[in-house]
Amino acid sequence: MAATGADETSTTGRRGVRPSQWVAAALVALAAGTAVVLFFTTDVCDQQMASNGNVVTVCRHPQMTDPPMVVLGLVILVLLGVFFSEVSGFGITLKRQVEEARSAAQEAIRETREVEARHQETADDLADGVREALSRAQPGGRAEGPASADPVGRLAARYNEIRWTMSSGQARTQAMSEVVDEMVGLLRGARDFDVESHLRSSDRGLRLAAAAYLYANPDPAWGRALAEAAVSEDKPFNEYWALKALREVFRGHCEFLDEETRDLLQRRLNQLLPGNDRAGQIKKLLRDCPARRGGQAVA
């Protein structure tokens, strides 16, 4: 297969040398040889006034500061830039490549942590499901989900059931999204919903219900508490919906987004991969509500 990139690579994986690089290498050798020959065989002579008033001729070997040597040095540097692109531009290219490599390494580390987190999430969900099943099987254990008479409780229980019984993937995400949609429809305009207790509940389904309520009924007074709950969520799906609700809470009410909450969201953003859906929600929120200094928005 023919190489398609700028640098051709042999079948052994070694980088090929282009003809222009061979020419540059030959010219480098020629320039260096010329500089050596000039240094040892050429004398630079100047006429100077002696202390007795006579004009004498003083000769010396060339120095690196002499114009011919400076020109040869520049020629060698330019040719090296052709042969070794890594040192072109007085090291700027090398510095950029180092920065790109460091950035790629950091992103790879974050991606690895994301994969590990997903595996851990699946294991935790399975363990939670097993514990719930054992609890229901014990004498006196509950036969169904919490608060079964409450429609919000039933939806929360269904969400938890989906997490415990379905493997991670598109199908499970779709099923959980349908539950959230039902929560939003059920809670829109609802009265006497206890946001505080649901938001701080140990039950993930009830915490999701709090996010759904604030998404359907935005109230900027809950902005800080919702942001803290979002960044402390142990499940990406819950965090995503909490952040989605947070955007609605601050929409048109950016004055409620204080600096502490902004810093909290920025720190969380720095922990997420750039293409992550939760990172996308935070970026949109911070873009919709830019920081202000002296009354002016700061990009």
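Since we're looking at a predicted model, the values are computed, not measured.
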Aromatic plane relationship, Phe237 with Trp241 - under 30° parallel, 30 to 60° tilted, over 60° perpendicular: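 Tilted.
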Under 3.5 Å side-chain donor-acceptor pair for Asn270 and Gln266: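 Yes, side-chain donor-acceptor contact under 3.5 Å.
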Between Tyr240 and Asn276: side-chain donor-acceptor atoms closer than 3.5 Å: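 Looking only at side-chain atoms, Asn276 and Tyr240 do not form any donor-acceptor pair under 3.5 Å.
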Side chain to side chain contact (heavy atoms under 4.5 Å, CB included) involving Ala171 - partner list, sequence neighbours excluded: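 With sequence neighbours excluded, Ala171 shows a side chain to side chain contact (heavy atoms under 4.5 Å, CB included) to Met166, given in chain and number order.
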Counterpart residues, side chain to side chain contact (heavy atoms under 4.5 Å, CB included), relative to Thr261 (two or more places apart):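 Thr261 satisfies side chain to side chain contact (heavy atoms under 4.5 Å, CB included) with Arg224, Ala227, Leu257, Asp258, Leu265 only.
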Salt bridge [X]-[Y], side-chain N to carboxylate O under 4.0 Å:
X: Asp234; Y: Arg207; value: yes
X: Glu161; Y: Arg158; value: no
X: Lys244; Y: Glu248; value: no

Candidate pair Glu239 and Arg268, rule salt bridge (charged side-chain N to carboxylate O under 4.0 Å, His left out), full reasoning: CA-CA 11 Å; Glu239 182 182 9; Arg268 180 55 179 153; 2.7 Å; yes
Tyr213/His198 aromatic ring centres below 6.0 Å: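 No: the rings miss the under 6.0 Å criterion.
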Side chain proximity check, Leu272 to Ile282, heavy atoms < 4.5 angstrom: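 Yes, close enough: below the 4.5 Å cut-off.
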Residue pair Leu186 / Val152, side-chain heavy-atom distance below 4.5 Å: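 The answer is yes; the side chains approach within 4.5 Å.
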Value rounded to 0.5 Å, distance of CD in Glu228 from CG in Leu199: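 Separation between the atoms: 9.5 Å.
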Short side-chain to backbone donor-acceptor contact, Arg262 and Cys289, under 3.5 Å: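 It does hold such a pair.
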